[in-house]
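Reading through the structure tokens given below for one structure.
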Amino acid sequence: MIRLYNTLTRKKEDFQTHQPGLVKMYVCGVTVYNDAHVGHAMSSLVFDIVRRYLEYRGYSVKHVMNFTDVDDKIINRANQLGIPPLELSNKYIADYRQNLLDLNILPASATPQVSKTMPQIISFIEGLIERGYAYPAANGDVYFRVTKDEDYGRLSARKIEDMQAGARIEIEEQKEHPMDFALWKAAKPGEISWQSPWGQGRPGWHIECSAMNLVELGEQIDIHGGGNDLIFPHHENEIAQTECYTGKEFSRYWMHNGMLQLGGEKMSKSLGNIISIKEFLSKRDADVMRMLVLNGSYRAPLVFNEETLDGAEKGLERIKSALRPASTKETDSNAESVTGLPAAMDTVKKAFIEAMDDDFNTAGALGAIFDFVRITNTARDAGATDAQLKPAQDTIRELTGVLGLRLAEKTGSGDADKFINLLVEVRAEVRKQKLWAMSDLIRDRLKELGVTIEDGKQGTTWRFS
RNA sequence: GGCGACGUCGCCAAGUGGCAAGGCAAGGGUCUGCAAAACCCUCAUCAUGGGUUCAAAUCCCAUCGUCGCCUCCA
């Protein structure tokens, strides 16, 4: 039984879907007006892992991720650049799709956009007005009436009165109540806009997700996800809108990932402490970012710095060490560590599932995998054959695959291999003659060029590093 | 100021009532011409102070500290 932490109840709960075997999952994507950063990557990775694991456990997952492509910031940026807002957002949508591919994140089942959901957004707002949960203001805005929603504040565990105490909300005379939020914003002169019953305008920030959810997944979904900075107001407002519109429970489970920390602070566009995904990938392998996420707990803040990244990279190397071929020395297929492999495979799978079932405890799952890596390496050292190693290595591939790790060996540029082999051959001759200085020079120089040489008992092996 | 989450070895981190996983780093060893890799060994009583319990890192209270949200935000 899978258990997951539900922000709504602040507890771990047994996972049960509305329809047997099918998971409807909606994850808030990005507002596309700039390069996405590694914090966005974290969120997408977290829910990619959730999806992959649910699929591993036999569910079919309908995974929807939206693009918010109509928004103040997009309009501002487009104005600065002197291009149409949708041209700007389309560029960044294409970029983000590429980022996700590069990060080995499975494509969502659907990726709706605000600009393409306008009729449904408008009819959604009309429905709320009809039911008395929203009202048009004199200036052409439409607001949601928070005081009409008894449950308002349930997700973020706060009361309307408490929030007003914060008093950072601008009092707008257009609103009946300071906490009321915009469903529809009247267009300013020259701004991109759509025709509506309330005049030219565009959607407020939260309504798009409610509408796209309804379009893509229906009235009730199983998992709604996103960063924990979205809990309030975004998700709170989504719940309010959707549940007031349908009269039904919206999402059964709410999952929120913690924030990525850079220098002890949340990485965010407004703080400016950003490392873009593109920039990251120019320096490190995608697996490193994923490993960093896996090593932590998705709900907790993630420490992102050179030290933790190095640790993640080394951890990957360690897992890969188990995938190397059998040692070339004499085999001993009957060693205890070799004959024990099948049982250990069984153990690691069980431990993996047990950890992952418990609210996607990836750090615990990795612990099990690392234990098995050691067991596999011990078997190799003891003389296991490739045929004996194969099932163990397949197990590692299977489990790390569920986590979305590629574990690709680095490769050179095609023809390099034969020249490297030649150098290794020459070096073997040199070593026979005990010309150690020359031998070490070749090894050191190759190392500088990204080729690691290791002298084993029965010969020398090399790999790109 | 209000609300929420959290504080486990040098770093990252699992564990939520029964003698503290794992990774990185560090030290010692096997192997090696020397290395590297792999393997073996060593390395924490869980922010602080109270309380509940036969038993607490795990439950309760207080204090200190960190982070997030309350304004755009994954």
Side-chain angles (χ1 to χ4, degrees), chain A residues 7 10 12 27-31 33 36-47 68 71-73 153 156-159 161-170 179 205 225-234 236 256-261 264-271 291-292 294-297 299-305 307-319 321-322 324 327 329 337 351 355 358 361-371 373-374 376-378 380-382 431 434-437 439-440 443-444 447 452-457 461 463 465:
Chain A
T7 307
R10 316 251 165 206
K12 284 184 193 170
V27 180
C28 281
V30 291
T31 301
Y33 67 101
H37 57 71
V38 288
H40 299 116
M42 175 192 180
S43 190
S44 290
L45 284 165
V46 163
F47 290 101
T68 297
D71 156 277
D72 284 342
K73 293 184 295 300
S156 52
R158 54 185 86 193
K159 303 187 182 94
E161 309 85 70
D162 291 344
M163 286 184 279
Q164 284 179 268
R168 279 213 256 170
I169 314 131
E170 285 180 41
M179 290 305 296
W205 175 32
N228 67 14
D229 55 347
L230 294 179
I231 293 173
F232 189 90
H234 188 55
E236 192 69 70
H256 292 97
N257 64 275
M259 293 293 101
L260 186 142
Q261 304 285 131
E265 271 184 317
K266 166 186 167 185
M267 177 177 292
S268 84
K269 292 176 186 172
S270 49
L271 288 173
M291 190 68 176
L292 189 71
L294 291 169
N295 184 52
S297 154
R299 286 192 278 130
L302 181 66
V303 182
F304 180 96
N305 59 37
E307 195 176 3
T308 57
L309 286 169
D310 284 344
E313 200 162 271
K314 290 288 188 56
L316 280 172
E317 287 306 315
R318 179 153 180 74
I319 295 177
S321 74
R324 292 177 194 160
S327 148
K329 70 177 181 184
S337 57
D358 181 14
N361 180 357
T362 51
L366 273 186
I369 291 173
F370 278 119
D371 283 340
V373 162
R374 181 172 34 74
T376 304
N377 283 334
T378 300
R380 181 196 299 100
D381 282 1
R431 291 182 71 218
K434 299 193 192 299
L435 299 171
W436 306 125
S439 162
D440 292 348
R443 185 172 64 198
D444 293 346
K447 180 80 183 173
T452 299
I453 283 194
E454 288 169 4
D455 298 318
K457 207 152 197 163
T461 59
R463 65 175 184 276
S465 56

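By convention in this document, chain letters (A, B, ...) are assigned in the order of the sequence lines, proteins followed by strands, and residues within each chain are numbered from 1. Note that the structure is a prediction, hence the values are computed from the model and not measured.
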Query raised in the report: Okay, side chain of A/Thr452, backbone of A/Ser465: is any donor-acceptor separation there less than 3.5 Å?
Result: no
Query - Any A/Lys314 side-chain N or O less than 4.0 Å from OP1/OP2 of B/A25 - result: yes
Query - A/Arg158 side-chain proximity, nearest of B/A74, B/A13, B/C3 - result: B/C3
Report task. Determine the Euclidean distance between corresponding C1' atoms of B/A26 and B/G18; express it in Å to zero decimal places. Result -> 32 Å
Query - B/U66 to B/U8 separation - P atoms, rounded to the nearest Å - result: 14 Å
**Report entry** A/Glu454 side chain, from C-beta outward: closest of B/G23, B/A37, B/A13
**Finding:** B/A37
**Report entry** No-H, no-angle donor-acceptor pair, A/Arg299 side chain to B/C6 base, under 3.5 Å
**Finding:** no
**Report entry** Side-chain N,O (A/Thr378) to OP1/OP2 (B/A38) below 4.0 Å
**Finding:** no
Report task. Using a heavy-atom cut-off of under 4.0 Å over every strand shown, decide if A/Thr308 touches base, sugar-phosphate, or nothing. Result -> sugar-phosphate
Report task. Considering only atom C1', compute the distance from B/A20 to B/A57 and round it to an integer number of Å. Result -> 8 Å
Report task. Report which part of the nucleic acid A/Thr31 touches: base, sugar-phosphate, or nothing (heavy-atom distance under 4.0 Å, all strands). Result -> sugar-phosphate
Requested in this report: Measure the distance from CZ on A/Arg463 to P on B/A38 and round it to the nearest whole Å.
Outcome: 8 Å
Query raised in the report: Can you find a donor-acceptor N/O pair under 3.5 angstrom joining the side chain of A/Asp455 to the base of B/C34?
Result: yes
Requested in this report: Counting Watson-Crick and G-U wobble pairs only, both distances under 3.5 Å, name the nucleotide matched with B/A55, or none.
Outcome: none
Query raised in the report: Has A/Lys266 got a side-chain N or O lying under 4.0 Å from the OP1 or OP2 atom of B/C69?
Result: yes
Query raised in the report: Within this structure, what is the CG-to-C1' distance between A/Asn295 and B/A14, rounded to whole angstrom?
Result: 9 Å
Query raised in the report: A/Ile231 has an atom CD1; how far is it from atom P of B/G2, in whole Å?
Result: 20 Å
Report task. Using atom CG of A/Asp310 as one end and atom P of B/A25 as the other, report the distance to the nearest whole Å. Result -> 9 Å
Query raised in the report: When you compare B/C24 with B/G33, how far apart are their P atoms, in angstrom units rounded to a whole number?
Result: 26 Å
Query raised in the report: Side chain of A/Asp440: nearest nucleotide among B/C72, B/C69, B/C34?
Result: B/C34
Query raised in the report: For B/G68, does OP1 or OP2 lie under 4.0 Å from any side-chain N or O of A/Asn228?
Result: no
Report summary line: Closest to the 5' end of RNA chain B, once A/Ile453 and A/Arg10 are matched to their nearest nucleotides, is A/Arg10
**Report entry** Taking every non-hydrogen atom, the tightest pair across A/Arg431 and A/Trp436
**Finding:** O-CH2, 3.7 Å
Requested in this report: Could you check which nucleotide pairs with B/C72 in any of the strands shown, counting Watson-Crick or G-U wobble with both distances under 3.5 Å?
Outcome: none
Query raised in the report: Which of the following nucleotides, B/C70, B/A14, B/G68, is nearest to the side chain of A/Glu265?
Result: B/G68
Report task. Have a look at A/Ala363 and say if it touches a base, only the backbone sugar-phosphate, or nothing, with a 4.0 Å heavy-atom cut-off. Result -> base
Requested in this report: Scan side-chain atoms only and decide if A/Asn377 and A/Arg374 contain a donor-acceptor pair under the 3.5 Å cut-off.
Outcome: no
**Report entry** Nearest-nucleotide pick for A/Arg443, side chain only, options being B/C70, B/G33, B/C12
**Finding:** B/G33
Query raised in the report: Looking at A/Lys447 and A/Asp444, does any basic side-chain N land under 4.0 Å from a carboxylate oxygen?
Result: no
Query - Distance-only donor-acceptor check, side chains A/Asp381 and A/Thr378, under 3.5 Å - result: no
Query raised in the report: If we take the P atom in both B/G68 and B/C60, what is their distance in whole Å?
Result: 25 Å
Report task. Spell out yes or no: do the side chain of A/Asp229 and the base of B/C69 have one donor N/O and one acceptor N/O closer than 3.5 Å? Result -> no
**Report entry** B/G10 to B/A5 separation - P atoms, rounded to the nearest Å
**Finding:** 28 Å
Query raised in the report: So what does A/Glu307 touch, heavy atoms closer than 4.0 Å: a base, only the sugar-phosphate, or nothing?
Result: sugar-phosphate
Query raised in the report: What's the closest nucleotide to the A/Met42 side chain, out of B/C34, B/C70, B/A74?
Result: B/A74
Requested in this report: For A/Phe370 and B/G23, say yes or no: do the ring centres fall under 5.5 Å of each other while the ring planes differ by less than 30°?
Outcome: no
Query - For B/U45, the Watson-Crick or wobble counterpart (both distances under 3.5 Å) - result: none
**Report entry** Distance-only donor-acceptor test (3.5 Å): side chain A/Asn361, base B/G15
**Finding:** no
Query raised in the report: Please give, in whole Å, the distance from B/A21 P to A/Leu294 CG?
Result: 22 Å
Query raised in the report: When the distance from CD of A/Gln261 to C1' of B/C12 is rounded to whole Å, what number comes out?
Result: 14 Å
Report task. For the side chain of A/Arg431, starting at C-beta, report the closest nucleotide among B/A74, B/A38, B/C34. Result -> B/C34
Query raised in the report: Contact class for A/Gly39 vs. all strands (heavy atom < 4.0 Å): base, sugar-phosphate, or nothing?
Result: base
Query - Distance in angstrom units between A/Asp381 CG and B/A36 C1', rounded - result: 14 Å
Query - Spatial distance of atom OG1 (A/Thr362) from atom CE (A/Met291) [nearest 0.5 Å] - result: 9.5 Å
Query raised in the report: Taking CD from A/Glu236 and P from B/U71, how many angstroms apart are they, rounded to a whole number?
Result: 13 Å
Query - Opposite nucleotide pairing with B/U66, Watson-Crick or G-U, both atom distances under 3.5 Å - result: B/A5
Query raised in the report: Of A/His40 and A/Asn377, whose nearest nucleotide on RNA chain B comes first from the 5' end?
Result: A/Asn377
**Report entry** Under 3.5 Å donor-acceptor, A/Thr308 side chain and A/Asn305 backbone
**Finding:** yes
Report task. Return yes if a side-chain donor-acceptor contact under 3.5 Å exists between A/Ser156 and A/Arg158, otherwise no. Result -> yes
